[in-house]
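Below: the structure, in structure tokens.
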Amino acid sequence: MTGTSTANTASAKTGRERIIIFDTTLRDGEQSPGCSMNLEEKLRVAHQLESMGVDVIEAGFPIASNGDFEAVNEIAKRVTTSIVCGLSRAGRKDIDRAWEALKPAKRARIHTFISTSPLHMKFKLQMEPEAVHQAVIDSVTHARNLCDDVEWSCEDGTRSEPEFLCRVIESAIKAGATTINVPDTVGYTIPEEYTRLMRYLIENVPNSDKARFSAHCHNDLGLAVANSLAAVMGGARQVECTINGIGERAGNAALEEIVMALRTRADAMTFETGIKTTEITKASRMLSGITGFNVQPNKAIVGANAFAHESGIHQDGMLKHAGTYEIMTPESVGLNRSTLVLGKHSGRHAFRKKLEELGLQLGENQVQDAFNRFKDLADRKKEVFDEDLLALVDDTVGRENDRIRFVSLQVVAGSKGPQSAELDLEIDGRPASVKATGNGPVDATFNAIQALYPHEAKLQLYQVHAVTEGTDAQAEVTVRLAEGGKTVNGQGADADTLVASARAYIHALNKLLVKREKTAPAAMSA
Ligand code: KIV
Ligand code: ZN
């Protein structure tokens, strides 16, 4: 292979070159409609990314909103091993705001960008190419005066003129950029072309050896992962990606697919990543739970069917030798067979130990709350699995300060209407009860919540999935509410689908109240 930037060295142990995994789930991923996360959720995701061994976490776009600033700032305070990165446009104010948010980080990176394609320069920026060139020099110089680690991106890089790219990249490196990212912003390129572009830039930018080149691919043509690997073949040594491939429009390149392709085909691609692949399933499920974006069943690596073998011929082959139809093991991505965890006679000590095994660190009161929910579940469900515990903890922890709390629900369902729901809540510490009817039990339940806590928010998504197999499985429900251009996702889990539905709706409503409180304190009454 020709043309790789020299900021890269092969590992002495394996002889393989390291590909830097730059995760942008919390920035490019979170930017996509319906994927917004609150601070507590972003911190959970950031913690999981760090545990997975992600090299760079792009935590947000600090100038975009106070919420984004706060999230980048908190993540910068708490993450210690991964580099924490914040995005900014080319202006000084943007860069200063990013740096202010990033300052507490042990390892910080400012990521600044400007468009370089003729189309973007003319219509989006309305700037002449030379003015863009000057803005690159000014922005990178300013960022580098603040932070030692600066990434510069040429937005719409794959539709930019390669000769112009060479000139601006040379200037960006001269001004102090340590990573050069060449995004396929609109998901337009194809693998061969992207390999050629990367190689061309690395070979023709005179100081390319002073920076690491990076790929950032969108999935509009379904080629984001293939293009990312093609960029690696052309000399890129950083890949930007998101968990489950979430992102603008058709999404970004999926982290799990890139990492597992590099690992599974290590014979053909002589690289390695620092990702603990056994954490992949946990990260994927965590993100789906938070955003309500479930991955399709046949999605590579993390889809429900990714390791399922249905046909008789395949099952027969698998029994004789797993390698017949399996190119990687489910265990390698952290998909372990459901293990029976605890029964209804299990004590608090065993419960706490299990939480620790699952990597859940809870405070004393949180353990007690989760334990109470577990006891309740164990009374109703024969077997309680790891997945049950994870869903139950998700539905308990972090909700201590909720203004609206679920107490109980009785529903009349069936073919003879009207269906009705009797709901007891606690609102700001006071009990509240109502009976409501509706077009089906879910509608009746949500009408009851509306009656007790009137609100204008509109239901955008209602989704149910079974946590484990069997008719006594817990239902995990996601509800998305929208109000004044803001959306929030709520989750609820319970062996009773309607209770899970009520919990999910109430969770979303509580999150909306927090959001309202932050943006308009005067609008707090119901
Ligand atoms: O797709 C893109 O061009 C981006 C840049 C801001 C890096 O997300
Ligand atoms: Zn992007």
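Both counts, for ligands and for their atoms, begin at 1 and track the order of listing. In this text, all values refer to a predicted model and were calculated from it rather than measured experimentally.
Under a 4.0 Å criterion applied to the non-hydrogen atoms of Pro183, ligand 1 contributes the atoms 2 (C), 3 (O).
Atom 3 (O) of ligand 1 has Thr185 OG1, 2.6 Å as its closest protein atom, hydrogens excluded (heavy atom only).
Look at Glu256 and Lys299 and you find a salt bridge, because one of the NZ, NE, NH1 or NH2 atoms lies within 4.0 Å of a carboxylate O, short of that distance. Taking 4.0 Å as the cut-off between side-chain N and carboxylate O, Glu272 and Arg16 do not count as a salt-bridged pair. Taking a cutoff of 4.0 Å between a charged side-chain nitrogen and a carboxylate oxygen, Arg44 and Glu41 do not qualify as a salt bridge. Between Lys42 and Glu74, none of the side-chain N atoms (NZ, or NE/NH1/NH2) sits under 4.0 Å from a carboxylate O, so this pair counts as no salt bridge.
Remark: among candidates Arg27, Glu155, His216, the nearest residue to atom 6 (C) of ligand 1 is Arg27, based on non-hydrogen atoms.
By the 3.5 Å distance cut-off applied to N or O atoms, His111 is not counted among the residues near ligand 1.
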Self-check item: Test log, rule side chain to side chain contact (heavy atoms under 4.5 Å, CB included), inputs Tyr462 and Val477
Solution: CA-CA 7 Å; Tyr462 171 72; Val477 175; 3.6 Å; yes
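The name of the N, O or S atom in Asp28 nearest to the Zn ion (ligand 2) is OD2.
Centred on the Zn ion (ligand 2), the NE2 atom of His218 and the NE2 atom of His216 lie at an angle of 100°, reported to 10°.
Residue contacts with ligand 1, taken as heavy atom pairs separated by less than 4.0 Å, involve His218 solely via side-chain atoms from C-beta onward.
The side-chain tip of Arg89 does not point at the ring of Phe113 from less than 6.0 angstrom away and within 45° of straight on.
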